[in-house]
Amino acid sequence: MSKVRVRFAPSPTGGLHLGGVRTVLYNYLFAKQHKGEFILRIEDTDQNRYVPGAEQYIIDCLEWCGLIPDEAPHLGGPYDPYRQSERKGLYKQYAEKLVAAGYAYYAFDTPEEIEAMRVRLKSEGKSNLQYDHHVRMQMRNSLTLEEDETKALIESGTPYVIRIKVLQDQVVSFTDMIRGEMHFDTNNVDDKVLLKADGMPTYHLAVVVDDYLMKITHAFRGEEWLPSAAVHILLWNYLGWINEMPQWAHLPLILKPDGNGKLSKRDGDRLGFPVFAMNWEDPNTHELIHGFRELGFLPEAFINLLAMLGWTDGTEQEIFTLDELIEKFSIDRVHKGGAKFNYEKAKWFNHEWIKKMSIDRLKPDIKGIFENAGIEITDQLQFEKIISLVKDRCTLLTDFIEQAGFFYKPPSSYDIAALKGKWDDTKASFFNSFLVDINKTTWESVAIEEAFRNRAAEMNIKPGELQLPFRIMLVGGKFGPPVFEIASVLGREETISRIGKAIISFTL
RNA sequence: GCCGCGUUGGUCAAGGGGUUAAGACGCCUCCCUUUCACGGAGGAGUCACGGGUUCGAAUCCCGUACGUGGUACCA
């Protein structure tokens with residue numbers, strides 16, 4: 001078998017949806033497992049939908065996720081160029097070839113004429129309003145016009161498109177790697193536009209031509225493409241390339257968590273979770289759509305959770321590294337049905353990854369988050385200790401600010417409510433004595449705790465009664481790692497200072 | 001409307017003729033911890049419906065319902 005080559009072919013219209021990333025991922029996993037190549041091709045044939053920055057954004061997302069293409073517009077490759085707008089000149093010859101072979105035709109109908117046709121059909125009670133074999137002989141095209149008329153029209157610069165001429169009464173079949181045998185009746189397939197009036201190909205022509213030219217062996221795409229697969233297969237046939245047609249796999253959709261339908265960027269705002277891989281700001285409206293990255297997800301977790309949205313290896317394992325996924329992924333274990341996105345589970349994946357991740361891997365990310373929050377890291381060793389102390393209680397990377405910020409900034413307020421019934425004059429005097437004690441102890445958590453317990457014993461107070469007040473003195477609230485660990489990391493001076501301040505505040 | 005695809009707890013899912021129908025998230029209870037987590041032990045909660053086929057159906061077949069996608073000179 002020839003070398004596996006797969007492609008991700010997005011149109012750069014803004015943002016990269018989570019479902020898009022999953023499509024990339026499955027492509028990538030399949031390619032790498034088979035020691036093949038993963039290609040990024042930009043489908044920018046619709047000039048009306050061009051969004052500046054969108055292509056770079058896609059590239060950046062792939063990079064963040066660690067899904068690096070082998071060939072791409074910005075990397076180049078043996079099948080340059082990888083941007084369809086730059087391949088424009090290529091497509092027309094194939095469309096013309098189809099016309100010459102009788103598999104396509106020129107159509108001169110204006111949008112108004114097509115609209116009129118649909119109105120007419122509707123008034124006749126027809127439910128099928130497609131431009132297809134039922135109506136093509138009633139329209140203005142090279143099938144109904146005399147040859148010299150057609151020629152004259154083209155030569156005089158009349159706008160025209162080229163449409164595929166779908167043969168009647170045939171069954172188009174193919175094997176989908178996920179769904180098995182698929183059959184379509186050509187009587188239900190319309191004469192899709194192949195080449196637009198502006199000379200650009202439509203998606204239908206462009207995918208087939210480019211997949212052929214780029215020697216794509218396997219084509220994975222979203223389920224929304226299933227109905228038009230018939231057109232694509234017809235094209236592979238009509239163009240005489242059927243033996244080189246890639247194997248198809250139509251991936252299930254990712255659905256909204258609540259109601260119905262494909263997950264869209266709007267749902268993120270509405271339900272309070274990210275839908276895009278990274279923040280995306282629309283260059284025209286300046287609307288900001290939040291990304292997983294900025295909300296504190298690790299790319300490892302993001303990839304992992306996406307992989308599990310529609311696929312399992314059949315065991316109970318849920319946490320996978322990219323390498324494990326490459327090894328274990330199998331397209332035939334991909335689900336047929338769509339999956340509703342569940343943000344709680346997504347966060348669980350991230351939590352698992354933070355727990356599992358090394359301090360060194362976490363460090364740069366957390367440092368960046370801290371700096372954005374105005375916290376400077378000066379002591380590396382202390383920083384590492386802090387990370388190891390709090391990582392188990394952080395679901396998102398951004399949680400580190402809340403969970404560890406107090407190491408860098410003394411509490412600005414105290415959870416007084418939690419103190420209720422746990423603070424009185426004897427407690428105050430305990431801490432006053434303790435303040436003196438800890439001037440002499442070795443500065444280690446065990447030694448601090450020992451001093452704490454000794455003093456408590458001496459004053460005949462249960463140490464447990466004192467721990468919560470102590471915590472609130474240092475942290476401000478009822479959370480965080482063990483208190484004596486906190487004190488030890490904070491340092492003698494800072495601990496003393498916080499206790500002193502708190503005694504005054506608590507007593508007021 | 002028409003065409004296609006799908007349907008196992010709230011969600012992700014294993015299981016593909018005989019199972020007490022796995023597991024995970026979330027939820028609840030308890031243990032650990034005089035913080036919050038982590039961790040551990042339990043609990044509630046399911047095969048869309050109706051017909052077949054079969055000794056036996058979540059599993060196979062047919063309908064129905066529901067969901068979802070497409071139905072553009074968008075991808």
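What you are looking at is a predicted structure, and each value in this text was computed from that prediction instead of being measured. Every chain is numbered from 1, with letters handed out A, B, ... down the list of sequences.
Of the candidate nucleotides B:C2, B:A75, B:C5, B:C5 has the atom nearest to the side chain of A:Glu223. Of the candidates B:G69, B:A13, B:C73, B:A13 carries the atom nearest the A:Thr312 side chain, counting heavy atoms from C-beta on. The side chain of A:Leu253 lies closest to B:G69, out of B:A24, B:G6, B:G69. Between B:C38, B:A13, B:C5, one nucleotide has an atom nearer to the side chain of A:His351 than all others, and that is B:C38. Relative to the side chain of A:Glu224, the nucleotides B:G69, B:U35, B:G4 differ in distance, and B:G69 lies closest. The nucleotide whose nearest atom lies closest to any side-chain atom of A:Val161 is, among B:U11, B:C12, B:C73, B:C73. Listed candidates were B:U35, B:C25, B:U71. Nearest to the side chain of A:Glu344 is B:C25. Across B:C2, B:G15, B:C5, the shortest atom-to-atom separation from the side chain of A:Ser127 is found for B:C2.
Remark: B:U71 base-pairs with B:G1. Criterion, Watson-Crick or G-U wobble with two distances under 3.5 Å.
Checking side-chain atoms of A:Asp267 against main-chain N and O of A:Ser264 turns up a donor-acceptor pair under 3.5 Å.
Side-chain rings of A:Phe297 and A:Phe302 stay apart, their centers remaining 6.0 Å or farther from each other. In this structure, the ring of A:Phe434 has its center less than 6.0 angstrom from the ring center of A:Phe470.
If you take CH2 of A:Trp348 and P of B:G10, they are 21 Å apart, rounded to a whole angstrom.
Put simply, the side chain of A:Lys345 and the base of B:A24 share a donor and an acceptor less than 3.5 Å apart.
Summary of the strand contacts: A:Asp392 and A:Pro159 both lie near RNA chain B, and taking for each the nucleotide with the nearest heavy atom, the more 5' one is attributed to A:Asp392.
Nucleotides B:U20 and B:U53 are separated by 27 Å at their C1' atoms, to the nearest Å.
The aromatic rings of A:Tyr212 and A:Trp236 sit perpendicular to each other, their planes meeting at more than 60°, with 30° as the lower class boundary.
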